[in-house]
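To start, the structure under review is shown below, and the notes come after it.
Numbering of residues begins at 1 and proceeds along the displayed sequence.
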Amino acid sequence: MLSSLALLAYQLPAGAEPAVFSESNPERFDCRQLADWDMPDSALEWFERSLWASHCHVFQARAVRIGIDGVRTLALSHDIRDGIEREVARFLDGPSVFFERHGRIGRMTWADSEDDAPASPAGISRHIDRYYRLSMGNDERIANRSAVRLDIEPLDGMRFGQRLWLDAETALPLKRELIDDRGRVVETFQLTELQPPQLHEGGVVLDDRRAPPRQAWQPGWLPEGFIDQPVDTDVEQHDDTVAHRIYSDGLSTLSLFVEPIEEGRERLIPGLHRLGISLAVVRHVASSDQAMQVVVMGELPPRVLVQVADNLVWNGASADEEEG
């Protein structure tokens, strides 16, 4: 699977300009070349262009998020300094929440120093084309800008669909609707104001190649197309005993947490839980005489999360489920 995915990054949509990395520094993408690329003329090309645009434009915006848990407004910014992206999101109502992320252009897969792990935008666009049907909708106007609409429909019942509205000039995403497996819009995220974005006059650094981590477990089943993501999952809220992995098909994502259940420590109630627009499945299992808590979380159909949680493989054998 990993070797075939590496090839996807070089199978660009027909008519698309290939992403060129500097010969003197192959680990850096020069954003200025986006200005010379032809206008996309298919849904798949528009989707890929939006990924590159999101890495390479500097902007500030206001947005609104509408979900089943309410309405929130946000201030957003994206900047690039010394080739490193800096994204900031600040909620403007309700509890004060501030997110900041420093990052690089991601890679599709884990890889050591000798393996190929190409930049993700081109590979992601080809990968999702295997699991979603992309089509063009009617042009609209979002945040006082002309927008191109993409309809993204899953080819199976294992993932949610989306509608995306992209800025016709830059391909930056202006609006997203998340559509569940019953055809319901469960979340809308929309820019209400976008200051004129500027194409970065320089390069953006690619993420480092990362060797896959060693862990005592692995998912025995994942929806087809979901790949172990080469991202740092260590967060301050979790101690060293919590193992966390992220899997994605390029559009939909699930998180898998595994930790020991220790006497005196709070544990979650087994079953299905709703966290905003996300769902979480909790299981308590026994492996090698150690009680473990398994949590699978994502914006996916409940049966998918349940099947992942119930098929964890531990040291070559499935763990036995305990009573909650």
Can you tell me how far apart CH2 (W46) and CG (L166) are? Round to the nearest 0.5 Å. 7.0 Å
Is there a side-chain contact between R133 and L155 in this structure, where contact means two heavy atoms from C-beta onward sitting under 4.5 Å apart? yes
Closest approach of A280 to L305 (non-hydrogen atoms, all atoms of both residues): N-CD1, 4.4 Å
In the single-linkage hydrophobic clustering (I, L, V, M, F, W, Y; side-chain heavy atoms under 4.5 Å), do L272 and V304 co-cluster? yes
Linking I/L/V/M/F/W/Y whenever their side-chain heavy atoms sit closer than 4.5 Å, directly or via other members, would Y131 and F160 fall into one cluster? no
Treating Ile, Leu, Val, Met, Phe, Trp and Tyr as nodes and any side-chain heavy-atom pair under 4.5 angstrom as an edge, say whether M136 and Y132 lie in one connected cluster. yes
Using a 4.5 Å cut-off on heavy atoms from C-beta on, say whether the side chain of V282 contacts that of H273. yes
What distance separates L150 CG from F47 CZ, expressed to the nearest 0.5 Å? 8.5 Å
With no hydrogens and no angle check, is any side-chain donor or acceptor of E48 less than 3.5 Å from a backbone partner on E45? no
Going from CZ on R32 to CG on L199, what distance comes out if it is rounded to the nearest 0.5 angstrom? 9.5 Å
Would you say H127's side chain and G225's backbone share a donor-acceptor pair under 3.5 angstrom? yes
Would R101 and R86 count as a side chain to side chain contact (heavy atoms under 4.5 Å, CB included) here? Give the steps. CA-CA 6 Å; R101 186 189 76 87; R86 177 177 179 265; over 6 Å; no
With M297, the side chain to side chain contact (heavy atoms under 4.5 Å, CB included) member among T253, L254, L275: L275
Does D79 pair with R81 as a salt bridge, N-O distance under 4.0 Å? yes
Short side-chain donor-acceptor distance under 3.5 Å, Y247 and S252: no
Ion pair R149/D139, N-O distance below 4.0 Å: no
Side chain E193, main chain L191, donor-acceptor under 3.5 Å: no
Taking all non-hydrogen atoms of both residues, which atom of L172 and which atom of P197 are closest, and how far apart? CD1-CB, 3.7 Å
Within the 4.5 Å heavy-atom criterion, are F29 and V205 side-chain neighbours or not? no
Does a salt bridge link D167 with R145, judged by any charged N lying under 4.0 Å from a carboxylate O? yes
Within residues 174-187 or reaching into it, pairs that qualify as side-chain hydrogen bond (donor to acceptor under 3.5 Å, both in side chains) - sequence neighbours excluded: R65-E187, R163-E177, R176-E187, D180-R184, D181-R303
Report the C-alpha distance between L312 and L256 in whole Å, list the side-chain angles of each, state the deciding distance to 0.1 Å, and finish with yes or no for side chain to side chain contact (heavy atoms under 4.5 Å, CB included). CA-CA 10 Å; L312 189 70; L256 178 54; 4.1 Å; yes
Could you tell me how the ring of H244 sits relative to the ring of F257: parallel (under 30°), tilted (30 to 60°) or perpendicular (over 60°)? parallel
To the closest 0.5 Å, what do you measure between CZ (F226) and CH2 (W221)? 8.5 Å
For R90, is the CZ atom crowded, meaning more than 12 foreign heavy atoms sit under 6.0 Å from it? no
W37 and V204: same hydrophobic cluster, using ILVMFWY side-chain contacts below 4.5 Å? yes
So OG of S255 and CZ of R245: to nearest 0.5 Å the spacing works out to 9.5 Å
Would you sort out whether H200 and Q198 count as a side chain to side chain donor-acceptor pair (under 3.5 Å), showing the intermediate values? CA-CA 6 Å; H200 177 55; Q198 302 295 319; over 6 Å; no
Derivation of the side chain to side chain contact (heavy atoms under 4.5 Å, CB included) call for W314 and V258: CA-CA 11 Å; W314 199 281; V258 180; 3.4 Å; yes
Within the structure provided, determine whether E299 and V186 are in side-chain contact (heavy-atom separation under 4.5 Å). no
Heavy-atom side-chain proximity of L74 to L92 below 4.5 angstrom: no
Please round to the nearest 0.5 Å and tell me the distance separating atom CG of L222 and atom CE of M158. 11.0 Å
Set of ring pair (Phe, Tyr, Trp, His ring centres under 6.0 Å) partners for H57, sequence neighbours left out: none
Would you say E87 and L76 make side-chain contact, with heavy atoms under 4.5 Å? no
Main chain of L251, side chain of D249: is a donor-acceptor contact present, judged purely on distance under 3.5 Å? yes
Decide yes or no on side chain to side chain contact (heavy atoms under 4.5 Å, CB included) for F59 and Q195, but give the supporting numbers first. CA-CA 6 Å; F59 64 86; Q195 296 185 10; over 6 Å; no
Hey, quick one: are I277 and V185 part of the same hydrophobic cluster, counting side-chain heavy atoms closer than 4.5 Å, chains of contacts allowed? no
Is any side-chain heavy atom of L174 closer than 4.5 Å to a side-chain heavy atom of L194? yes
Counting distance only, does the side-chain N/O of Q162 pair as donor-acceptor with the main-chain N or O of L164 below 3.5 Å? no
Residues, nucleotides or ligands: over 12 heavy atoms within 6.0 Å of I269 CD1: no
Could you check whether D208 pairs with R104 (Lys NZ or Arg NE/NH1/NH2 to Asp/Glu carboxylate O, under 4.0 Å)? yes
Could you walk me through whether E85 and H78 pass the side chain to side chain donor-acceptor pair (under 3.5 Å) test, one step at a time? CA-CA 7 Å; E85 299 174 67; H78 181 265; 2.8 Å; yes
Is any side-chain heavy atom of D207 less than 4.5 Å from a side-chain heavy atom of P230? no
